[in-house]
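Shown next, in structure tokens, is the structure this report addresses.
We name chains A, B, ... by the order of the sequence lines, and we start the count at 1 in each one.
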Amino acid sequence: MSSPRLRFAPSPTGYLHVGGARTALFNWLYARRHGGQFLLRVEDTDRARSTDESTRAIFEGLQWLGLDWDEPVVYQGANLARHRADAERMVASGHAYRCFCSAFELDARRKQAEVSEGAFKYDRRCDQLDRAEVARRVAAGEPSVVRFRVPEVQSTGWNDLVHGEISFPNKDIEDFVVLRSDGTPIYNMAVTSDDIAMRITLVMRGDDHISNTPKQIMLYRALGEELPQFAHLPMIHGTDGKKLSKRHGATAVADWQHEGILPQAMVNFLALLGWSPGGEFDEVMTMDELVAKFDADGLLKKASVFDTKKLEWMNGQHLARTSVEQLEPLVTTQLLREGTVTREVLQARGMQYRAALGALRGRSRTITDLASQVPVFLKYRIDPAAAAKVWPDAAGALAIIDLARDAMQAAPAWEPDAIEQALRRMAEQRGLGVGKVLGPVRMALTGSASSPGISIVLGVLGRDEALARLEAAHAYVAGSSA
RNA sequence: GGCGGUAUCGUCUAGAGGCCUAGGACACAGCCCUCUCAAGGCUGCGACACGGGUUCGAAUCCCGUUACCGCUACCA
């Protein structure tokens with residue numbers, strides 16, 4: 001097991017779901033951690049539900065998360081001939097047989113069994129047919145499926161990387177269909193055939209596949225192939241403990257991208273859902289740290305709940321650690337999407353824009369949250385409601401605004417810290433609380449009642465802009481009191 | 001119904017028989033810091049599903065019960 005090969009095998013019937021993303025991530029992490037390969041297989045055999053749009057969405061989701069795959073994408077639908085050949089090979093070797101029972105007929109028998117005994121299991125009646133009859137009926141064009149003959153005795157089990165020993169009594173497994181009457185393969189057949197062809201050594205997937213596993217193991221054996229290892233990951237649930245669905249709000253990875261979540265935060269958060277490095281550790285980790293720590297023995301068995309509050313906190317942590325250079329394009333996209341700031345303004349005020357990002361990244365939880373705090377620095381607009389509160393009386397407000405302007409103009413150099421100190425001294429001299437001065441000044445500088453610290457704001461705005469805003473604030477107060 | 005899986009604070013988890021008076025993180029509450037809002041720091045609240053064993057000793061091992069989840073298709 002020197003170089004493990006793993007795969008993520010989504011069916012393109014929707015967007016990349018956080019559960020699927022987590023499965024992909026764990027496969028990817030395992031492959032990267034052990035110097036193996038991570039492959040992608042699109043299970044598009046369900047023609048009716050599969051769409052190109054969905055396939056694209058899955059690729060984009062994986063790319064956004066930074067989960068790159070090592071070989072060309074395998075499309076399951078392209079391997080139909082091999083699936084069929086593998087099934088026929090099992091018929092030839094006696095591991096499978098043709099069954100002429102119609103779906104309709106089977107359905108009726110199943111319903112009948114439900115009312116009388118309970119469990120329905122295919123009775124193998126077609127396995128009794130002699131070769132000549134089978135040949136005759138096939139030649140006559142009678143539709144038939146291929147069923148796998150489940151070995152009678154013993155049980156089928158494996159040592160799951162997550163759950164340990166799991167086994168199923170063979171008597172509980174019916175002779176399942178591997179090839180439909182139209183010659184297309186059933187899921188378990190296609191998966192097994194493809195995993196063999198792709199030389200997958202570790203099948204890591206959701207634990208909703210546990211009961212498929214014994215069937216696939218039987219297929220590996222019937223085909224004379226070596227078994228891969230299996231690891232069944234727990235599900236991710238919504239806050240109500242039920243399987244995550246649209247009802248729980250944002251469940252697609254792309255939804256979170258639009259909510260302003262950073263891919264590294266999403267990855268970090270997802271990694272900790274169903275896996276733990278064990279012992280005491282810092283939960284905020286980079287992709288490299290995750291790769292270094294990830295391993296199968298840290299995989300958990302219990303389903304976990306997707307806690308959006310923690311995701312947002314995690315995102316805030318990553319935001320604070322992300323460089324302005326990396327942040328800029330993301331915030332720009334958001335700003336332009338909202339239309340709150342134009343591209344021209346962003347370019348013209350690039351210096352201030354980047355300074356603002358540096359000041360804001362440590363105090364925001366999401367990109368959208370951060371972006372909402374940016375415009376204040378790039379264009380001046382006084383919030384009337386806030387102004388009414390912070391500047392209750394015009395005379396007092398004007399006095400402070402003018403004093404602040406004088407202090408700034410008198411300053412020998414544009415040193416935000418020194419200016420803030422000057423403002424504080426001013427407040428002291430006039431017997432005012434610091435807040436009584438800095439509050440109105442903030443209002444004048446930002447047009448808003450809340451912002452980062454005054455010296456930070458001064459630093460971002462720069463001398464000219466700061467003074468211009470004080471003038472504008474003066475005019476505003478004077479105008480509204482007149 | 002049958003089969004399989006799971007079970008530690010509201011949530012994510014640490015815990016591999018004594019280190020557990022069960023630790024950390026998110027959330028929540030309070031306090032501190034403070035020019036506002038955040039961020040940050042501190043404190044608090046808060047859990048071994050239940051019942052039997054095994055053992056000198058069990059969150060940890062075994063059995064049962066309960067709850068939840070999955071599968072039980074010519075879906076994937």
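When rounded to the nearest whole Å, the span between CD1 of A/I186 and C1' of B/rU72 equals 14 Å. In this structure, A/F269 places its CZ atom 17 Å from P of B/rA25, rounding to the nearest Å. Taking atom NZ of residue A/K301 and atom P of nucleotide B/rC12, one finds them 17 Å apart after rounding to whole Å. In this structure, A/R110 atom CZ and B/rU72 atom P are separated by 10 Å, rounded to whole Å. Look at CG on A/L233: it is 13 Å from C1' on B/rG5, rounded to the nearest Å. Atom pair A/W158:CH2 and B/rG4:P shows a separation of 11 Å (rounding to whole Å applied). Straight-line distance from the CD1 atom of A/I236 to the P atom of B/rU11: 16 Å, rounded to whole Å. One interatomic measurement links the two molecules: CD of A/Q373 to P of B/rA39, which rounds to 11 Å at whole-angstrom precision.
Within 4.0 Å of A/G316, counting heavy atoms only, lies no atom of the nucleic acid at all. Here A/D107 lies out of heavy-atom contact (under 4.0 Å) with every strand. Among the heavy atoms of the strands, none lies under 4.0 Å from A/T239. A/E420 comes within 4.0 angstrom of a nucleotide base, judged by non-hydrogen atoms across all strands. Using a 4.0 Å heavy-atom distance criterion, A/P452 is classed as a base contact. Here A/E105 lies out of heavy-atom contact (under 4.0 Å) with every strand.
Comparing B/rG41 with B/rU6, their C1' atoms sit 38 Å apart, to the nearest whole Å.
When atom types are taken as modelled, the side chain of A/D295 and the backbone of A/D297 share no donor-acceptor pair closer than 3.5 angstrom.
Between A/R109 and A/D123 a salt bridge is recorded (basic side-chain N to carboxylate O distance below 4.0 Å). The pair A/D207-A/K301 does not count as a salt bridge, with every side-chain nitrogen at least 4.0 angstrom from each carboxylate oxygen. Salt bridge status for A/R84 with A/E88: absent, with no side-chain N to carboxylate O gap under 4.0 Å.
If you check B/rC3 for Watson-Crick or wobble pairing at under 3.5 angstrom, you find it paired to B/rG70. With both pairing distances under 3.5 Å, B/rU21 is matched to nothing as a Watson-Crick or G-U wobble pair.
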